[in-house]
Q: 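I'd like to ask you about the structure that follows.
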Amino acid sequence: MASSTPPHCSITAPSKPHQIASSSSSHKTLQQQQQPHLQRRFTSQKVCASPRNPANSLSKANKAPNFLSPLPTPNKTHLSPDFSGKKSTRFVSKLHFNRQRSSLSTRHSPVAEDFLTQSSAATVDDDQFQVLLMGFQARLSGSEDFCFLLRELGNRGESSKAVVCYDFAVQRESKMSERGKLASTMISVMGRLGNVDSARFVFDNAVNGGFGNTVYTYSALISAYGRSGLCQEAIGVFQMMKTQGLRPNLVSYNAVIDACAKAGVKFEVVNDIYDDMLSNGVDPDRITFNSMLAVCKGGLWKEAMRLVTEMGMRGIDQDVFTYNTLLDVICKVGKMDLAFDIMSEMTAKNVMPNVVTYSTVIDGFAKAGRLEDALAMFEEMKCAGIALDRVCYNASLSIFLKLGRFKDALNVCKEMESCGIRKDVVTYNALLGGFGKQGKYDEVRQVFEQMKNVRVFPNVLTYSTLIDVYSKGGLYREAMEVFREFKKAGLKADVVLYSGLIDALCKNGLVKSAVLLLDEMTKEGIRPNVVTYNTIIDAFGRSAGMDYLVDAINGGKTSMVSTYNSAARNHEGSEHNRVMKIFGQLAIEKSHNFREFNESRQELLCILGLFQKMHKLEIKPNVVTFSAILNACSRCNSLEDASMLLEELHLFDDRVYGVAHGLLTGSRDTIWIQALSLFDEVKQLDTSTASAFYNALTDVLWHFGQKRGAQLVVLEGKNRNVWENVWSTSCLDLHLMSSGAARAMVYAWLLNIRSVVLEGHELPKLLSILTGWGKHSKVVGDGALKRAIEGMLNGIGAPFHLAETNLGRFISQGTAVTAWLKKSGTLQVLLLQDVKTQPENRRLDQRPNLQPLPL
DNA sequence: ATAGGGTTAG
């Protein structure tokens, strides 16, 4: 097993993997040395892609129809829904396609195949189907043929024909045991089709008819409930079978464990079932362990690793399911370097990664923000001769969209088309979000129209996405229109849609209204999640303290009021009106430039109430929550107010609180070791989460005058590469930083440059400080960061000025900066102090030759 | 009886 502290493997190097693999030179490149796993994987994949195995070497070859070998069943039987574009792959995986056929269970007669061919014409309705059945009745032989038919009908989604077939077969079957077989098959088929009520109906009838009390029907029903996420029901059936005196077998146990895994049941609970299994003398097999692994998806990656080891000790071989599930667990906790190692290990053990393996790991990289690494995995995959499927295409599409590489994104769409994979709702949603986030609203409109034209029906995610992109762009009229359409489609709103609406309110400073809407959604039975809460917490103080933000987005447009009024008149539905009112409120509120001063006080109470609700609903906070609390503290006018919020932080997390509190109160020396370990841990998260935390912590320190502390935090962030290439001698890039972090960083950078000058080096001709447009503000063109930096530079007399060509860039001649840095008073200006310092800190800070920069 | 995907917070 790979070690728990894997070496860091970079796979971002520019040259393509297959170039490494095909390199015949004995010279080892640096990249090869850094990528032992990658190379190893390639060498073994190359073997299977060799000319002796041409079928594996080209993705197109994989899709060649099986004309060469005559199929037992004609054409449509084995046609994957992938090609007909009817079902998602997720659904396909639930069907029987990949099932190994044991010679016993599926020994059906050729007549059954024949019947299937004749009855599968699109024009055959249920009645005609029954007539056909009667015609074949004499020649179809017993339950084996009928079970085969039921499964095949299930695969085609022919639910009602399956019902006809089942009734027909049961009525004509005299043996109880054979009827029992039919029943368990039918329950399984209905379960796979997601029709759990029908499954239950069949089960109950079978039990009442005296042929349903078998381990098989119970197991099938447990599985049916499991697939629908109804874990409690599954466990109920499991217990019921025991009270009926039936002894659960391996399949029963596996089914109930799988049900728990799908529903996200706690590991301890499932472990009890596992122990129960052992004590009843049922030996776990590979599938048991694979399902137990799936239970670890909640983040128990160490437990997952342990399970795999235990499998080995029990002499159970790991298969591709084992590794794919394990990888999923590892990827979900973001341990991508470990995932990379495990992938190499599976190859070494001759368990070859497949399309699921790759899409799991690719998704892990993408979620960790390592988009280039994700793209490199695609190359590796193609090189290994593994054809992309729908899931993979959608993953690659969304990566290109995230990178803003629209040309590549459209190429992915074309490639999908040429492979015969139709764009599904996931594809379209990705396109809508991708274009929308870049403000390409024309394209959004076109894509939305197109998807409806080709009858890919928008779902809740589609509407949430659209409402979100329009709201973020301030296009409330369009957002309102989308919401109207959403209601017309008769879909039920979910937590994400509501969170989007709440966010729209928050971004406009309407925190109290946001809290009201939160109560609304709770009343409607929609459970808010941590994102919903983080949104509101982070918005604290925006209305009272940041009115200029409201002004900035205002732009003088108030025409929304009339839009709202006419919209509200047309619809009487209460929820509809409420949301319409929200959009209206957004428009109206924008015209208010002044707010009550005591509003911030009210808001504080409002937020404190919010924390109560969070505890009550047992919503677990995350790092973003901590960042949000720190940001809220930054908007408090007094340390007293802030300390009320910090107390809430205390309830959530001792360590984060300890560090924040210690730095704020000047006990830096005593807390610094803990701070460093916290920083290390934060760095394990993806870069945007990490930088947001650093930004928040720095801001609150800066806000309360702990500027030296803020600077030290920022430098730790820089050392851990949180903001990516922050500085060189000629350029300081602040565009990912908050205003406090950016200011602390400017001081540090100038001191660094000063030491360059004092060492006698010449500065570059031109120096730049980039602020972008202030990513932190999230308001396009807002430039809050730019203003903060401008004020600061002016304040210390630095000779930088705005570049005329780029409004987010400050420049200065190197000679001017050199002269300024050499002036006698400059050093004093650049050294930051904390307003609060414990004696030991003061001693350190006042050493005259203190170099603040660990360069 | 087992594996992978899309929306929301910073």
Side-chain angles (χ1 to χ4, degrees), chain A residues 88-90 93 98-99 188 219-220 222-223 226-227 249-259 261-262 285-294 319-329 331 354-364 366 389-398 424-433 436 459-469 471-472 494-504 506-507 528-539 622-628 630-631 688-693 695-696 738 775-776 778:
Chain A
S88 78
T89 52
R90 190 172 224 163
S93 69
N98 299 324
R99 272 192 134 201
S188 158
S219 299
I222 291 169
S223 160
R227 277 177 211 284
N249 63 13
L250 179 62
V251 175
S252 325
Y253 277 104
N254 286 351
V256 78
I257 291 173
D258 177 57
K262 286 203 171 72
D285 70 348
R286 185 185 296 151
I287 292 178
T288 317
F289 274 97
N290 289 349
S291 297
M292 290 291 286
L293 276 173
D319 65 0
V320 71
F321 287 78
T322 315
Y323 278 107
N324 288 350
T325 311
L326 175 66
L327 281 169
D328 193 36
V329 172
C331 289
N354 62 14
V355 63
V356 176
T357 320
Y358 275 99
S359 62
T360 304
V361 175
I362 285 167
D363 189 58
D389 66 2
R390 185 198 305 281
V391 173
C392 273
Y393 274 117
N394 283 337
S396 88
L397 176 69
S398 88
D424 64 0
V425 65
V426 179
T427 321
Y428 280 108
N429 288 350
L431 288 169
L432 292 171
N459 59 16
V460 193
L461 278 77
T462 316
Y463 290 108
S464 298
T465 303
L466 284 171
I467 290 173
D468 183 63
V469 299
S471 291
K472 282 205 169 53
D494 67 355
V495 57
V496 178
L497 196 135
Y498 264 104
S499 298
L501 298 173
I502 285 172
D503 187 51
C506 287
K507 288 292 182 299
N529 62 20
V530 67
V531 177
T532 325
Y533 283 98
N534 289 348
T535 308
I536 306 181
I537 295 168
D538 197 77
N622 59 20
V623 206
V624 183
T625 318
F626 306 151
S627 302
L630 294 173
N631 281 332
S688 79
T689 304
S691 64
F693 180 78
N695 282 339
S738 62
K775 180 184 175 166
H776 203 58
K778 287 229 169 177

Q: A:Thr465 has a side chain; which of B:dT2, B:dA9, B:dT7 sits nearest to it?
A: B:dT7
Q: Counting the atoms with a prime plus P, OP1 and OP2 as sugar-phosphate, which does A:Val425 contact under 4.0 Å by heavy atoms, base, sugar-phosphate, or nothing?
A: base
Q: Rounding to a whole Å, what distance do you find between A:Arg390:CZ and B:dG6:P?
A: 15 Å
Q: For A:Tyr393 and B:dG4, give me the distance from atom OH to atom C1', rounded to whole Å.
A: 16 Å
Q: Let's see if you can work this out: which of B:dG6, B:dT7, B:dT2 has an atom nearest to the side-chain heavy atoms of A:Asn290?
A: B:dT2
Q: I'd like to know if the side chain of A:Thr625 pairs up with that of A:Asn622 as donor and acceptor (distance under 3.5 Å, no hydrogens or angles considered).
A: yes
Q: Could you please name the option among B:dA3, B:dT8, B:dG10 that lies closest to any side-chain atom of A:Val531?
A: B:dT8
Q: If you take atom types as modelled and just measure distance, does the side chain of A:Thr689 reach the base of B:dG10 with a donor-acceptor pair under 3.5 Å?
A: yes
Q: Over all strands shown, is A:Ser464 touching base, sugar-phosphate only, or nothing at heavy-atom distances under 4.0 angstrom?
A: base
Q: Test for a donor-acceptor pair under 3.5 Å between the base of B:dA3 and the side chain of A:Asn354, counting only N and O atoms.
A: yes
Q: Give a yes/no on whether any side-chain N or O of A:Arg286 is located under 4.0 angstrom from OP1 or OP2 of B:dA3.
A: no
Q: For A:Ser499, which contact category applies under a 4.0 Å heavy-atom criterion: base, sugar-phosphate, or nothing?
A: base
Q: Measure from the side-chain heavy atoms of A:Arg227 and tell me the nearest of B:dA9, B:dT2, B:dT7.
A: B:dT2
Q: When we call it a touch if two heavy atoms are under 4.0 Å apart, what does A:Asn429 touch: a base, just sugar-phosphate, or nothing?
A: base
Q: Ignoring the backbone of A:Val624, work out which of B:dG10, B:dG6, B:dT2 is nearest its side chain.
A: B:dG10
Q: For the atom pair CG (A:Asn631) and CG (A:Asp538), what is the distance rounded to the nearest 0.5 Å?
A: 4.5 Å
Q: Quickly work out the A:Tyr533 OH to B:dT8 C1' distance and round it to whole Å.
A: 15 Å
Q: So does A:Asp389 reach the base of B:dG4 with its side chain, donor to acceptor, closer than 3.5 Å?
A: yes
Q: Could a donor-acceptor pair under 3.5 angstrom be found where the side chain of A:Ser291 meets the base of B:dT2?
A: no
Q: Can you list everything that forms a side-chain hydrogen bond (donor to acceptor under 3.5 Å, both in side chains) with A:Thr325? Sequence neighbours excluded, please.
A: none
Q: Roughly how many Å is it from CZ in A:Phe321 to P in B:dA3, rounded to a whole number?
A: 7 Å
Q: Is A:Cys392 touching bases, backbone alone, or none of the nucleic acid, heavy atoms closer than 4.0 Å?
A: base
Q: What nucleotide, of B:dG6, B:dA3, B:dT7, holds the atom closest to the side chain of A:Asp363?
A: B:dG6
Q: With hydrogens left out and only the distance checked, is there a donor-acceptor pair under 3.5 Å joining A:Ser359's side chain and the base of B:dG4?
A: yes
Q: Assess whether one donor atom and one acceptor atom, taken from the side chain of A:Asn622 and the base of B:dA9, lie less than 3.5 Å apart.
A: yes
Q: Closest approach to the side chain of A:Asp494, judged atom by atom: which nucleotide of B:dG4, B:dG6, B:dT7 is it?
A: B:dT7
Q: With sequence neighbours excluded, tell me which residues meet side-chain hydrogen bond (donor to acceptor under 3.5 Å, both in side chains) with A:Asp363.
A: A:Lys367
Q: I would like to know whether A:Asp285 and A:Thr288 meet side chain to side chain donor-acceptor pair (under 3.5 Å); could you show each step before the answer?
A: CA-CA 5 Å; A:Asp285 70 348; A:Thr288 317; 2.8 Å; yes
Q: Distance from A:Thr462 atom OG1 to A:Leu431 atom CG, nearest 0.5 Å?
A: 11.5 Å
Q: OP1 or OP2 of B:dT8 less than 4.0 angstrom from a side-chain nitrogen or oxygen of A:Lys507, does that happen here?
A: no
Q: Once you apply a heavy-atom cut-off of 4.0 Å, does A:Val460 come out as touching a base, just sugar-phosphate, or nothing?
A: nothing
Q: Tell me whether the side-chain N/O atoms of A:Lys262 come closer than 4.0 Å to OP1 or OP2 in B:dA1.
A: no
